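Report on one structure; see the data block that follows.
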Amino acid sequence: MPVQLLKIMKEQSETPLPSHLQKEDLKHLQEGSDHTNKYIQGIVVLSYPLTKLGDGTDFFKIVLQGVDDLCSRINSINILIYGKMAEDCAKVTRHGDTFIVAGFKVIKSPTAREDGRHGCHLEVSEEDGSAIYCLQFCNQIYTKPRTATASETAFVSIAPKYVYTPLNQLKDGTIVNLYGVVKFFKPPYVSKGTDFCSVVTLVDPSNVKLTCTLFNGNPDSLPKIYKVGDIVRFHRIKIREYNGQMQGITSGGFASLTFDGTVGAPVVPRTSSKVYTFMDEEHKTIEELRVWAASNISVSGPAAKLSSVQPMLFFDLTCQLVGKAKVDGSSFLLKVWDGTKCPYPTWRVPVEAKDLEGERVLLHQLRNLMVDILVYDNHVQLAKSLKIGSFLRIYSIHAKQASADNEDVSHIEFHLHGGTCYGRGIGVLPENNPDVKELKTFLESVDLADSQNMESMSSMELDGTFSDFTDLESHLQRCQQLPVTVLTDHQDLNNTELKTVINSTAPQQYRIRAKLRTYKPQKLHQSVKLHCSKCNSLQEVPDGDVFDFILQRSAMTAPNPELHNTSWYDSVMWTTQDQKQREIAIHFVKHDEMLRQPEDTLLMIEGGTLKEVWKLTKRFKCVIPVRSTEVDLELLDLSAPFLLQGNVKYYGCKQCSAPKPIKSLSFMAAEQQPSWDPTEIAQVLGIELLQYVFIMKFTLVDGTGALNAYLFDYEKFFQIPASEILTNSFLQEKMQMTMNMLCPPGRKLGDLPWLECFIKSYNVRDAMKHQVCYQIFDTTVAEDVV
DNA sequence: TTAGGATTGG
């Protein structure tokens, strides 16, 4: 029975209702006024038998009498309960119970004249998201005898007890309730039909994705999602199969709650203020999902401040609207700021002064910090409706690099293109949103006088002239500073300005002197990739779990005893004592028919776990995980490392490797002093060795222009081997410190150190477009920096 | 009904 005993209260008169609900007096009830977030309370004085309506719907009617205003003429009201809720209520209702009703519809009562009750009646049902709470004396509902005092009451909720379906158990044609973590979303936008639309992709710990298409005529009724990682609870969402996948779509009684997904943040639901049930159990679910999401969802979205805008990329901006203006039928201008200054010249969209809405004084004061964002097509209608001063998150703004005919230096244009790809759109953030609170505090702290200086500062750097002696002095000081990177070759070349580099055709090579405005990825471990020099492919370094899984799978094949103890290796085998009784075989490769010292020994292991393999690498020179076939030992799947040496896992390229029999290693073993060099082992085994490499994008500026240059570095630039960074926290710290020297966080452009770099330009062409890219080479971090 | 994730135009 979906009746839930929520709490037993002793010596306590107030009820644990959702805190947003407020009591409404019977005499204030009238048709057409807003009663969301209101409840009425009364004593059951009459109930009618449970009946079925013509369409089979259960129907139950009770009469509640108000307790506050006994003298009032209209002191009682009819409550009409429909559907499952009618059945549930009929089971527990007793005369004299106190009922609390929320989420009701107020309808003019056709029987008011006859029964002399309230002029309206209330209608409630599960579909409308209604809730009924019932207060009874304990001894009335406990069947088991117990000592109860009169002051002890049980609090019974006749709100349905919801069942939530994990995303991997959804079935076509059902209507379900579910929880999920937002992996992708499109903020509500105007659809081509009559409604607003929002598309939301969820994941949950079952690791199944569900994309939901949600419609509502009122955008406020759609989930209030502000960022990836938010958690939602959907009630009554319809599941359908579409293109072979499950899909969610709004059904009649759809309702949603949205929560901040940050671990530790207050659990406050965002909802369009309908009545909702939210109790301790739900609270726990949110906390659990937050913890799961923290390690399973990447929220490092492209959010950015104007100060860290990257030309040619897309980003999400949290900002305040300062001005807006009509441009033409298909585009609309938004003028926004976030308190930081975009380091590049930005465009100004010309509009008629009469079309510009916003505080004139503020528009003038903020002119150096404000940027123009031109929004198109389907975003225009929403943009027009925005209120000046409101806080916005604009998703997937395109920072387009462009230059006008009469300009030497390129500028940045901000476009919100038409369509909703990649969640492109505009969301209004409420004042209580934590990001808005932070932004407001920051905006209040911005010294506008300082921003005027910033303007003169950047224009000074742009045209390379110096207005007075102080500027000249500080400039000289900077020039005298040693650069934080140096060239390892080509010292005799002269510097080229970035403007010249950008305006020249590729391919060419240049010596440049520039500042590192920003770099990507900011999380340095994300910069490590595996590179195949044969097919030139790049791939992510596989996760340790993948290796674990492959080891587990290969441990299911028992070692083949016929392959043990050959002329070139000795084998040892044992069975683990645990329940699984795994068989492990280790083959120690001999040299001159003798075993060598462990630190010079290569061994092969069958049936080991990740932990066991790691332990062996601590003791022995090399470890190669293998499995038995009928005729020979063989390497595992190439998603696993084929060799472990020291702290480094060596991987082979799946595409370019052609594994040879393991016994090829015997030739290496026969060498006078086998080096067990990974490159050589790879070659002997027919493996195309993947190299660990740092891939980063540096945004370089020099006062004449800006460009993005890629760093592709095995070891030379940072003087840190890319192969060791992932397993060595000391090296990670060292690299972070180096980056902090090259690009000190929080500094103004003028205070950043200079880098000397050698870069080459090259062409990237495909059928559609042509782009010139830049790569840093023959450059290293200066000795005194590392 | 609409959209059904998957940028780059003005």
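Below, chain A is the first sequence line, B the second, and so on; all start at residue 1. Predicted, not measured: the structure shown is a model, and the values here were computed from it.
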Exercise. Between dT8(B) and dG4(B), how far is it from one P atom to the other, in whole Å?
Worked result: 15 Å
For this session: In whole angstrom, give the distance that lies between atom CG of L374(A) and atom P of dT7(B).
Result: 21 Å
Exercise. When all nucleic acid strands are considered with a 4.0 Å heavy-atom cut-off, which category describes L214(A): base, sugar-phosphate, or nothing?
Worked result: nothing
For this session: Establish whether the base of dT7(B) is bridged to the side chain of H417(A) by a donor-acceptor pair shorter than 3.5 Å.
Result: no
Exercise. Stacking here means centres under 5.5 Å and planes under 30°; does Y422(A) stack on dA6(B)?
Worked result: no
Exercise. Can you check the H398(A) NE2 to dG10(B) C1' distance for me, whole Å?
Worked result: 12 Å
For this session: Return the set of residues passing side-chain contact (heavy atoms from CB on, under 4.5 Å) with P434(A) (not counting sequence neighbours), or none when no residue passes.
Result: D260(A)
For this session: Tell me yes or no: between the side chains of T211(A) and T201(A), is some donor less than 3.5 Å from an acceptor?
Result: yes
For this session: Determine, answering yes or no, if F314(A) is stacked on dT7(B) under the 5.5 Å centre rule and the 30° plane rule.
Result: yes
Seminar exercise, completed: From CD1 of I373(A) across to C1' of dG9(B) the rounded distance in Å is 17 Å
Problem set entry | Between H531(A) and N536(A), a side-chain donor and acceptor under 3.5 Å | yes
Problem set entry | Any side-chain donor near an acceptor of the partner, R424(A) and Y376(A), under 3.5 Å | no
Seminar exercise, completed: Per atom distances to the S396(A) side chain, the nearest of dT7(B), dG10(B), dG4(B) is dT7(B)
Seminar exercise, completed: With the side chain defined as heavy atoms from C-beta on, K400(A) is closest, among dA3(B), dG10(B), dA6(B), to dG10(B)
For this session: Kindly say whether, by distance alone, the side chain of D377(A) makes a donor-acceptor pair under 3.5 Å with the base of dG10(B)?
Result: yes
Exercise. Hey, which of these two, T201(A) or M312(A), hits DNA chain B nearer its 5' end, going by closest nucleotide?
Worked result: T201(A)
Exercise. With respect to the phosphate group of dG5(B), does any side-chain polar atom (N or O) of K209(A) fall under 4.0 Å of OP1 or OP2?
Worked result: no
For this session: Verify the stacking flag for Y242(A) against dG4(B): centroid separation must be under 5.5 angstrom and the ring planes must differ by under 30 degrees.
Result: yes
Problem set entry | Distance in angstrom units between D372(A) CG and dG10(B) C1', rounded | 15 Å
Exercise. Nearest-Å distance, CZ (F254(A)) to C1' (dA3(B))?
Worked result: 15 Å
For this session: To the nearest Å, give me how far apart CH2 (W347(A)) and C1' (dG9(B)) are.
Result: 10 Å
Problem set entry | Nearest-nucleotide pick for D195(A), side chain only, options being dA3(B), dT1(B), dA6(B) | dT1(B)
For this session: Would you mind classifying the nucleic acid contact of G419(A) as base, sugar-phosphate or nothing, using non-hydrogen atoms under 4.0 angstrom?
Result: nothing
For this session: Describe the nucleic acid contact of T194(A) in one word from base, sugar-phosphate, nothing, applying a heavy-atom distance below 4.0 Å.
Result: base
Exercise. Do we see F184(A) stacking on the base of dG5(B), given a limit of 5.5 Å between centres and 30° between planes?
Worked result: yes
For this session: Scan F332(A) against the nucleic acid and name what it touches under 4.0 Å (heavy atoms): base, sugar-phosphate only, or nothing.
Result: nothing
Exercise. Does any donor-acceptor pair link the side chain of T211(A) with the base of dG4(B) at a separation under 3.5 Å?
Worked result: no
Seminar exercise, completed: Whole-Å distance, R240(A) CZ to dT2(B) P, equals 11 Å
Exercise. dG5(B) phosphate, OP1 or OP2: any side-chain N/O from K183(A) under 4.0 angstrom?
Worked result: no
For this session: Can you tell me the distance, in whole Å, between the CG atom of N708(A) and the P atom of dT8(B)?
Result: 19 Å
For this session: Tell me, yes or no, whether the heavy-atom count around Q655(A) atom CD, taken from other residues, nucleotides or ligands under 6.0 Å, exceeds 12.
Result: no
Exercise. Which residue pairs satisfy the ring pair (Phe, Tyr, Trp, His ring centres under 6.0 Å) criterion with at least one member in residues 183-231 of chain A, sequence neighbours excluded?
Worked result: F185(A)-Y395(A)
